[in-house]
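Notes for the one structure printed next.
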Amino acid sequence: MPELPEVETIRTGLAAHLVGRRFDDVEPLHPRATRRHVLGPDDLRGRLRGKQIRSVDRRGKYLWLTAADDADEVAIVVHLGMSGQMLMAERGAPDPTHLRIRALLDDGNELRFVDQRTFGGWHLDEFVDVGPGLPGKRAPRPIPEPGDEGARVEGAMASPSQAVRRLPESVAHIAPDPFEDAYDPDAVVDLLRRKDTEIKRALLDQTVVAGIGNIYADEALWRAEVHGRRRTKALTRIKLHETLFAAREVMREAIKVGGTSFDDLYVNVNGESGYFSRELHSYGREGLPCDRCGTPIVREAFMNRSSFFCPSCQRPPRRSPRR
DNA sequence: AATCGACCCTGCTCGC
DNA sequence: TGCGAGCAGGGTCGAT
């Protein structure tokens, strides 16, 4: 399941293969894969043809390629949904099932978007400048000066961590992820203390902190010894910091080993699996002993999916609504 | 206004 | 062997 560590693994692989390449052609093969591009698949194809890929970036689970020619620059925003893959292949290699978009590159290779469940897709987007901190605080647009290359706000910001970040417009509504300079755990803790919701819901809310999905939420909560149904405002500031720190650390470790693969739905750009599944402590371990205390891990329905936790290390709140 | 649950979508596994 | 139910789940949207 592509959460931040899986998307980062893919981003690294794509950057190595794609930066500097040009699109000979881009073929949308399934309408759902480009449904978020409102101008339609033909527009996407026409606008990308001939453009050069300048960089591959990410915030949370969103990935984008910056593609440009002399006249035009555009973000190709990619969301993998649940089962999306970005795969490199030699041109003419057999098409995989669920091939949704094929991009022909000028070095004779192909970039393929493969997606079994078609929750993901590509769309083109413009860039906006976003201020530091949580969404909603958009920086004023810099006045473009003739010959001003970078279009950055200089001097207005106190430190590099306060810098304006240039993001595709459709990505600007989500919060910084824990690996960005703009990530501010104090601000996230403040927000969590103001919110009236459960901690797991909040961790999954991409406008609070980006990149955490069901697997890494459960792992972070297990590490921090917090039950996911605890109310955020009832947790101490220290506990909230511990939980956020645990989330960052578990994702950092997962990135090191190429992410979490349960099956071939998540693989890197070369089709290889990640190895973090063998280091999971709670997710998917129903009935197995907790690695800390030996109590069997419990699975519980939550938001149309599952939560896994140790009922001993992670005490449920007193009146936890069960279903 | 913030919160919460339903829904989208496909393929695979499981139980009968 | 066939078949339907259940499940995987990130993001969006409507209801409250």
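In what follows, chains are A, B, ... by sequence order, proteins preceding strands, each numbered from 1. Scope of the values below: all heavy atoms of this structure, side chains included, with no hydrogens, waters or symmetry mates.
Nucleotides of DNA chain C nearest to A:Ser170 and A:Gln116 differ in position, and the one nearer the 5' end is that of A:Gln116. The 5' end of DNA chain C is approached more closely, in terms of each residue's nearest nucleotide, by A:Phe308 than by the other of A:His79 and A:Phe308.
Nucleic acid contact for A:Arg299: sugar-phosphate only, since backbone atoms but no base atoms lie under 4.0 Å from a heavy atom of the residue. Residue contacts shown for A:Ser306 are limited to sugar-phosphate atoms, with no base heavy atom under 4.0 Å away. At the heavy-atom level, A:Arg100 lies nowhere under 4.0 Å from the strands shown.
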Report task. Report the C-alpha separation of A:Asp186 and A:His241 in whole Å, then their side-chain angles, then the decisive distance to 0.1 Å, and conclude whether the side-chain hydrogen bond (donor to acceptor under 3.5 Å, both in side chains) test is met. Result -> CA-CA 8 Å; A:Asp186 291 328; A:His241 271 290; 3.2 Å; yes

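Residue A:Ser83 places no side-chain N or O under 4.0 Å from the OP1 or OP2 atom of B:dC9. Taking side-chain N and O atoms only, A:Gln206 has a distance below 4.0 Å to OP1 or OP2 of C:dG11.
Of the candidates A:Ile53, A:Asn109, A:Val56, A:Asn270, A:His17 forms a side-chain contact (heavy atoms from CB on, under 4.5 Å) with just one, namely A:Asn270. When each of A:Leu48, A:Leu44, A:Val26 is tested with A:Ile76 by the rule side-chain contact (heavy atoms from CB on, under 4.5 Å), just one qualifies, namely A:Leu48. The only option from A:Leu111, A:Val267, A:Ile10 that meets the side-chain contact (heavy atoms from CB on, under 4.5 Å) definition with A:Leu87 turns out to be A:Val267.
Under a cutoff of 6.0 Å and an axis angle of 45°, A:Arg100 and A:Trp122 do not form a cation-pi pair.
Checking C:dA8, B:dC4, B:dG11 against every side-chain atom of A:Met82, the shortest atom distance belongs to C:dA8. Closest to the side chain of A:Lys195, out of C:dG11, B:dC9, B:dT3, is B:dT3.
Atom C1' of nucleotide C:dA8 and atom CG of A:Leu280 are separated by 15 Å, given to the nearest angstrom. Atom CZ of A:Arg32 and atom P of B:dC7 are 16 Å apart (whole Å). In this structure, the CZ atom of A:Arg36 is 12 Å from the C1' atom of B:dC9, given to the nearest Å. Computed from coordinates, the A:Leu191 CG to B:dA1 P distance equals 17 Å when rounded to whole Å. For A:Asp196 and C:dT16, the CG to C1' distance is 14 Å, given to the nearest whole Å. In this structure, A:Arg201 places its CZ atom 15 Å from P of B:dA2, rounding to the nearest Å. For A:Glu300 and C:dA8, the CD to C1' distance is 18 Å, given to the nearest whole Å. Note: NE2 (A:His173) to P (C:dG11) measures 8 Å, nearest angstrom.
Residues forming a ring-ring contact (aromatic ring centres under 6.0 Å, His included) with A:Phe23 (at least two apart in sequence, or on another chain): none.
By the 4.0 Å N-to-carboxylate-O rule, A:Glu300 lies close enough to A:Arg229 to be salt-bridged with it. Salt-bridge check for A:Glu253 with A:Lys256: failed, with every basic side-chain N at 4.0 Å or more from each acidic carboxylate O.
Two end axes, each from the C1' atoms of five base pairs, can be drawn for the helix from B:dA2-C:dT16 to B:dC16-C:dG2; they diverge by 50°, to 10 degrees.
For A:Arg54 and A:Thr66, the side-chain atoms include no donor-acceptor pair closer than 3.5 Å. Donor-acceptor pairing under 3.5 Å is lacking for the side chains of A:Tyr62 and A:Ser170.
Less than 4.0 Å separates DNA chain C from at least one heavy atom of each of the following residues of residues 207-214 of chain A: A:Gly213, A:Asn214.
Evaluation of atom-type donor-acceptor distances gives no pair under 3.5 Å for the side chain of A:Arg117 against the base of C:dG10.
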